[in-house]
Enquirer: 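Pasting in a structure now, in structure tokens, and then I'll have a few things to ask.
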Amino acid sequence: MSAALLASGVGLVAQTTGNGSAGCSIGKGGQSVQGLCQAANSLHISVAYSAILPVLILSIGALVLLAVSAVLPKRAYPGLYPVLSTAVGGVSLVASVWQWYNVPGGGQGSVEIGGQVFFDHFAALFAILISVAVILSSIASDSYLRREGLDGVEAYVLMLMSATGAALMVESANLISLFLGLEIMSIALYVMAAYHRRRTQSGEAGLKYFLLGSFSSALFLYGIALVYGATGSTGLGLIANYLSNNVLANNGILLAGTALLIVGLGFKVAAVPFHFWTPDVYQGSPTPFTGYMAAVAKAAGFAGLLRVLDQGLLTQQTDWRPIIWVLAVITLIVGSVLAIASRDLKRMLAYSSISQAGYVLVGVQAASGTGKSASLFYLFTYMFIIIGSFAVVDAIQGRGESHSDLGAMRGLARRHPLLAAAMLVLLLAQAGVPFTSGFLAKFYVIQASVQQGQYYLAVIAMVAAAVAAFFYLRVALLMYASPVGAASGGPSGAGSLAVGSAGAGSAGVSAGSSAGAGSAGAGSAGAGSAGAGSAGGAGVPAAVPAGRAPSGPAGATAVAPASRPPSPAGSALDVEAEEDVFGAGLAPIPGFDTAPATGAGTLDGPAGEAPYVSSTNAMVILISVAFTIAAGVSSFAVDFAKAATTVF
């Protein structure tokens, strides 16, 4: 059997080259091969390693980190693994930039390694994006992992392996290699979501992501099978050639395959209605990993979607453009509206991420070079915005992610003015305010839609931007509002404590503001009541560290210092103190800005303490803000994205 295959290979080589010589010779009876058969369609395929440099560097870097950890004592050199991971990302970045300036074919690109990968500006741009995301996320993760007692090599290996899969996705010229990259990236992200083993939410996030992600991968693979059945190939170039030279008598199989491919990739980009995993996974995952996930998974998913639709199925755009139109509309509306009702910072950013995916879909739906360059610009700038935003959230949350409610943002400008200013810039960029990269990103995708006559879609996108501006500006108002109790003259050091329900009842405890003397506020507890005082006006019971959750009753949810007089017995929030936050005419929303009638109370933000911002976090935030402003007032990033879409 093997001899027959080799003999047929000899005939194929001779037929391709016009003679019997193709750089190799096959022994008598086909028993041996000498030399390298490099002719087209021959047995041996030459490997253009320059086309897959980022994939090689990221994967080898992950293996090097594992090897280093195997020979060194655990935690013997704190900070070593983030430095190595950052170095690997830096080498990958250099290689990606080299690819950008050495694209073959006069900048038009080529297909390498037997038609499996593209070597073009599009792949190089996304490789740069992924490499930068690895660098920023490695830096941001260091302080978080040390604070939570999770530092080790595993997190950085997973990050590099997920980046490897993403890099393979963006340069895939075949649906099979695209699926392999998708799975390599996804499996690592599943583990990263569940990485915080001491938080139940993290485990739930990983399980939910894994189950729904596996289901979407199965749909994507089934879509590949249907497209192969309709066209006879899984190569994007071969699919495009077949569809341009043949008219299908019945394209039902192709339409079904296209729909399933969109569903599989729509899950990765968190497009509605494939978004249900996003809020829970973003909320439960470790905060720096969430920023990385939002940047890399979304970028790789959209890169795969652009490859499939605009290079493999371009001739079928009359079939898939209406689908993308509908997905873009419902994604914009659902993401913008549900973000308003979110009380958790990470859930709000999750719905914001869904809304941002809708704008990228607007550019994809345009099916033009302008639309593609606008989508690429959007993804590239959004990577900096979202990683920087989650770095700010990480600084605010504190140990155990105990301060993730919107109340933690209240009075941030007084506690840490620079951190509040950075968050303000990033929020305004997500809202699309002029002189930020977010404004140009939204402008270009809407412009591409208008150029294609999609006026209704453009109007919906602008209305969604106005709706989304509400919750972004609301957080800004909270940051620059007076801390709770400041208006009533309460001392800065005073605090308040709200304890949720435990067993049959609930206990409410409030600390007084009298210097040198404690005061007790009683709360109902079924058959009895419990009260506790504060010593010396410290504002927090001596047994509970400031800003941390008590470890006693199961119903005790959290503790946070505040600066206002005691609330009435059983009250978790003084509603009147909220009015200064909404001085711009925004009325408090029942159940959101006030405590629920029953159940656990909502805590005030830590008004007396400035968030701790590590040097690594500060570096990530500074880079993110600087790029967000620079890309909003200059054209370098826009030109970069336009050059990457010449292939389209």
Side-chain angles (χ1 to χ4, degrees), residues 2 5-6 8-17 21-26 30 32-64 67 88-89 91-128 130-131 134 160-185 224 233-241 300 303-304 307 311-312 647:
S2 60
L5 288 175
L6 288 172
S8 64
V10 175
L12 186 58
V13 169
Q15 186 179 25
T16 303
T17 59
S21 175
C24 63
S25 61
I26 298 181
S32 62
V33 179
Q34 296 180 352
L36 185 62
C37 301
Q38 295 181 332
N41 299 320
S42 66
L43 293 176
H44 294 83
I45 300 173
S46 59
V47 178
Y49 292 102
S50 58
I52 56 173
L53 272 179
V55 175
L56 292 175
I57 292 171
L58 292 169
S59 58
I60 294 174
L63 297 177
V64 169
V88 173
V91 175
S92 177
L93 176 61
V94 172
S96 303
V97 173
W98 179 88
Q99 281 187 323
W100 176 269
Y101 289 105
N102 291 273
V103 170
Q108 295 301 310
S110 62
V111 183
E112 304 291 346
I113 314 181
Q116 298 299 311
V117 298
F118 286 112
F119 187 1
D120 54 16
H121 283 128
F122 183 90
L125 173 67
F126 275 100
I128 292 173
I130 293 167
S131 301
V134 168
L160 292 176
M161 290 308 300
S162 64
T164 300
L168 180 59
M169 283 183 68
V170 303
E171 62 186 26
S172 293
N174 191 291
L175 293 176
I176 300 299
S177 58
L178 178 62
F179 175 74
L180 291 176
L182 178 67
E183 287 303 290
I184 294 172
M185 178 188 72
I224 293 176
S233 176
T234 57
L236 297 179
L238 296 176
I239 292 173
N241 290 335
R307 290 289 197 192
Q311 289 191 275
V647 67

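Note that the structure is predicted; figures quoted are calculated from it, not measured. Heavy atoms only: backbone and side chains are in, while hydrogens, waters and symmetry mates are out.
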Enquirer: Can you name the ring pair (Phe, Tyr, Trp, His ring centres under 6.0 Å) partners of Phe119, sequence neighbours left out?
Expert: none
Enquirer: CH2 of Trp100 to CD1 of Ile128: how many Å apart, nearest 0.5 Å?
Expert: 6.5 Å
Enquirer: Which atom pairs, one a donor and one an acceptor, fall under 3.5 Å between side chains of residues 174-184 and the rest of the protein, sequence neighbours left out?
Expert:
from	atom 1	to	atom 2	distance (Å)
Asn174	OD1	Ile176	N	2.8
Asn174	OD1	Thr234	OG1	3.0
Asn174	ND2	Thr234	OG1	3.2
Ser177	OG	Gln116	O	3.4
Ser177	OG	Ser172	OG	3.4
Ser177	OG	Asn174	O	2.9
Glu183	OE2	Ser217	OG	2.6

Enquirer: I'd like a table of donor-acceptor pairs (distance under 3.5 Å, sequence neighbours excluded) in which one partner is a side-chain atom from residues 162-171, with atom names and distances.
Expert:
from	atom 1	to	atom 2	distance (Å)
Ser162	OG	Leu158	O	3.3
Ser162	OG	Met159	O	2.8
Ser162	OG	Tyr292	OH	2.7
Thr164	OG1	Ser59	N	3.3
Thr164	OG1	Leu160	O	2.9

Enquirer: What about the rings of Phe122 and Phe126, do their centers lie closer together than 6.0 Å?
Expert: yes
Enquirer: Could you give the distance from CZ (Arg307) to CG (Leu236), rounded to the nearest 0.5 Å?
Expert: 8.0 Å
Enquirer: Go through the structure and list residues passing side chain to side chain donor-acceptor pair (under 3.5 Å) with Ser50, not counting sequence neighbours.
Expert: none
Enquirer: Please examine the side chains of Phe118 and Gln311, heavy atoms only from C-beta on, and report whether any two atoms are closer than 4.5 Å.
Expert: yes
Enquirer: Given Tyr101 and Val97, is the side-chain contact (heavy atoms from CB on, under 4.5 Å) satisfied, shown in steps?
Expert: CA-CA 7 Å; Tyr101 289 105; Val97 173; 3.7 Å; yes
Enquirer: Please enumerate all residues that pass side chain to side chain contact (heavy atoms under 4.5 Å, CB included) together with Val91, with sequence neighbours excluded.
Expert: Ile57
Enquirer: Check side chain to side chain donor-acceptor pair (under 3.5 Å) between Ser131 and all other residues, then give those that pass, not counting sequence neighbours.
Expert: Ser92
Enquirer: What are the two closest non-hydrogen atoms of Val111 and Ala173, and how far apart are they?
Expert: CG1-CB, 4.1 Å
Enquirer: Looking only at heavy atoms, what is the nearest atom pair of Ala51 and Gln99, with distance?
Expert: O-NE2, 3.2 Å
